[in-house]
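Here the structure comes first, spelled out in structure tokens, and everything after it is commentary.
Residue numbers start at 1 and run along the sequence shown. Counting convention: from 1, in listed order, for ligands and their atoms alike. Heavy-atom basis, side chains included; hydrogens, waters and symmetry copies ignored.
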Amino acid sequence: MDLSKRKFKDDYKKMMTEVYSMDISEAEPTEQFFVLGNLVRTYSSKNWSHTNQVYVENKQKQTYYFSMEFLLGRMLKSNLLNLGILNTVRDGLYDLGIDLETIVQMEPDPGLGNGGLGRLAACFIDSMATSEIPGHGNGIRFKYGLFKQKFVNGYQVELPENWLQNGNVWETRKMHAAVTVRLYGKVWLEKTASGVLEPHYEGAQKVLAVPYDTAVIGYKNDVVNTLRLWSAEVPAQDESTDYWSFIHQRNQIESISEVLYPDDSNYEGRLLRLKQEYFFVSAGVQSIIRHYKKMRVPMLHLAEKVAIHINDTHPALSVPELMRILLDEEKMDWEHAWNVTVNVMSYTNHTIMSEALEKWPIDMISTLLPRIYQIICEIDRRFTMKMSTLFDPSIVERTRIIECGHVKMAHLAIIGSHSINGVAQLHTTILKEKVLHDFYLIYPSKFNNKTNGITQRRWLMLANEPLCNLINRKIGNDWETTPTELKMLKAFRDDEKTLIELAKIKHQNKERFAKHIQKTMGLVLNPDAIFDVQIKRLHAYKRQLLNLLHILSLYFQLKDHPEADLHPRVFIFGAKAAPSYTYAKQIIKLINSVADLINQDTTIKEKLKIVFVENYGVSLAEKIIPAADISEQISLASKEASGTSNMKLMLNGAITLATLDGANVEIRDRVGSNNIIIFGLREEEVYQYYHDGSYHSKSYYDRNPVLRRVLNALIDGTIPDAEAEGRSVFDSLVYYGDEYFVLRDFDAYSAAQKQIDQLYRDTLKWQRMALINIAGAGTFSSDYTVQQYASQIWDVFSRIRDI
Ligand SMILES: *Cc1c(COP(=O)(O)O)cnc(C)c1O
């Protein structure tokens, strides 16, 4: 948008008077933030209503991205950037004596997601608006986001994250668009005079779903899409309602959108979770249908105007919910309704880990959602009947929805969608060949790959302005909207001046992060050390333990040979563990105890430092990633579906140290084997071990003296104050089979780390690798990812061509 500095300053002062009736000089940073947020809203409001108007007038097909989680991060700067007024506003505020960076910190970071899956949804809505795809988010307005993590004596402690405490400037409550969601009760079918079966409900609990809309602003293109988050409220009561039963009912209902479940890649079969899933799906589908009907296009044509995307299985009830509406309310017959539903729905699988695959007990579903359960049974009956004529009975048994008293949500999503995609090439191959092979035999053409991506606006333009400025000086700024243009940087691969500039920027970013750590943790970091970063949820398969065992081996090496030629290292961890995931919490405690041991040991001359930041989230990621030299992506091959922190880190010039898992494979293909450090078991080797059962972790303990010493340190009192945790981890690795092959990959990992220690000493060589990584990161922009979804799955218009 066009905005002069003078106009902005006038607007800002005026808004300050309107909102607080005071002068800027009297305002606190929180108030300064709130006023700026309000102003930004008014700046985008015209385009927001205009975008909606255009969509309606053109009867444009709309995509709705259904996701239980949207891990948005702070929105002030991202909105300013996308409106094209970031610098004007920064300068204007400066004139008024206000520091933009200070007031940015006043915005709460809405943690409405656990990790990668929720962050992907956030990157996607940003990229859809920027790519001019009519695409909107649909989710839950959790009153409490992901818990706030604190360390107490090295243990994770969870505190509530009350992100709405001071209000949310970005949202608009849309009372007129509220819908009713029905839970419980009884339902039976009765034949009408015309002979069709009609459902009758009795005694259902009614929940009012109230939408809160947030503008999703495209990058400098005047497009504003919508993120619609639903809040559960009590419907208006009739006068006979008893006061106490009202209070009871209110507590029950409001609990639905109260809190995000903190389980990442881990299934929790609890009733409240099922309520949440049906709540936002039913509200979302109802509101889509209501909007569609205003266009006066026959319901049979729904799939020409609407696409619904199911992000992981959490929104899989979209399938029976849309069927319910088409059958019961729109009076469509089954075949037509089914055809419409399958054409509307598409599904992304995010994991192959069995502990993350949702399956609900049928008595729970049938009690909570009696009509939905009937429809699921009928979908299952028709599926098994049809497939029995075409396929082996064992295949049909393995693919049906209802089995052993449970409803399998992935099966429901696959059968009810026209497209199912994995999130990296390797992941999609494993789905087709292993995990979902039976479905692949039945529906080969439904399967496709869409490798995940990240928005370069948040993860480069906002997070790393110095690097962004360097890039713009070298190659111009076409890459902002055509990110593959970053490849032009390769022309500077042998330009010493550019490489030195790159090194300087990384150093500055490390100094900035070191300052932050000194301020928040009191730890002094050496910016000349290698900053070695592993930031992601704490999960056994991600193998933070492999990293930790290697750190211990370096520590012992230094204890034995204080003059050993090791380049100084700072190991940076950021990770939350699910509160019920005991093993992950033990690993957190262990890392913190090793950090205490090593950080306080003056005999190793500051060569090793461990920083475990508290409360890792989007805001911290934005601080850490620009300062990273090494990106640790060391999951057991086959277990990480894609990963996205790998992409963010490469975009910021970190060198990836990785197994060939998830999107790491595609990163290697992009930058070439010389510009990434690969180690460890491959996917085929892991499956071979599973097949022949020949992995015996204890033999690695017995035969490898370095490993033995490191593992013994877990149980011999070397590590302070972590006896129980050390013992538990030791036993899991040595005696209980080491499920994720940590000991098997230890030597290969140590060798790779040694190679890095050598490589880093050659600054030009290192920065050349960094440059090639930045240059290759453009393909991993979520702009391309959503454009591929738009053209290949959703069939909605997008201005920008696929790559
Ligand atoms: C990108 C991101 C993730 C995903 O990290 P992975 O290493 O891909 O698992 C998780 N949490 C936050 C806050 C992120 O920004």
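- Shortest contact from atom 9 (O) of ligand 1 to any protein heavy atom: K542 NZ, 2.8 Å.
- Which parts of ligand 1 touch G115 is read off a 4.0 Å heavy-atom cut-off, strictly below it: atoms 10 (C), 11 (N).
- Here is the list of ligand 1 atoms found below 4.0 Å of a heavy atom in G617: 13 (C).
- Ring pair Y789/Y65: centre-to-centre distance not below 6.0 Å.
- Residue I535 places a heavy atom under 4.0 Å from ligand 1.
- Between E640 and ligand 1, no pair of N/O atoms sits closer than 3.5 Å.
- For H539 and Y581, the gap between ring centers is short of 6.0 Å.
- Nearest protein neighbour of atom 14 (C) of ligand 1, counting heavy atoms only, is K648 NZ, 2.9 Å.
- Here is the list of ligand 1 atoms found below 4.0 Å of a heavy atom in G643: 8 (O).
- For ligand 1 and W459, the ligand atoms under 4.0 Å from any heavy atom of the residue are 15 (O).
- T348 pairs with exactly one of N311, N421, D312 by the side-chain hydrogen bond (donor to acceptor under 3.5 Å, both in side chains) rule, that one being N421.
- Between F679 and Y749, the ring planes lie tilted relative to each other; the angle falls in the 30° to 60° range.
- For the side-chain hydrogen bond (donor to acceptor under 3.5 Å, both in side chains) test with N615, the passing option among K576, K148, E161 is K576; the others fail.
- Looking at atom 11 (N) of ligand 1, its nearest protein heavy atom turns out to be Y616 CE2, 3.6 Å.
- Scanning the protein heavy atoms around atom 8 (O) of ligand 1, the nearest turns out to be T644 N, 2.7 Å.
- Between F147 and V259, every side-chain heavy-atom pair lies at or beyond the 4.5 Å cut-off.
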Criterion salt bridge (charged side-chain N to carboxylate O under 4.0 Å, His left out) on D629 and K510, from CA distance to verdict:
CA-CA 9 Å; D629 293 309; K510 287 159 77 173; 2.6 Å; yes
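- Salt bridge present: D783 and R457 bring a charged side-chain N and a carboxylate O closer than 4.0 Å.
- Protein heavy atom nearest atom 5 (O) of ligand 1, with residue, atom name and distance: S645 CB, 3.6 Å.
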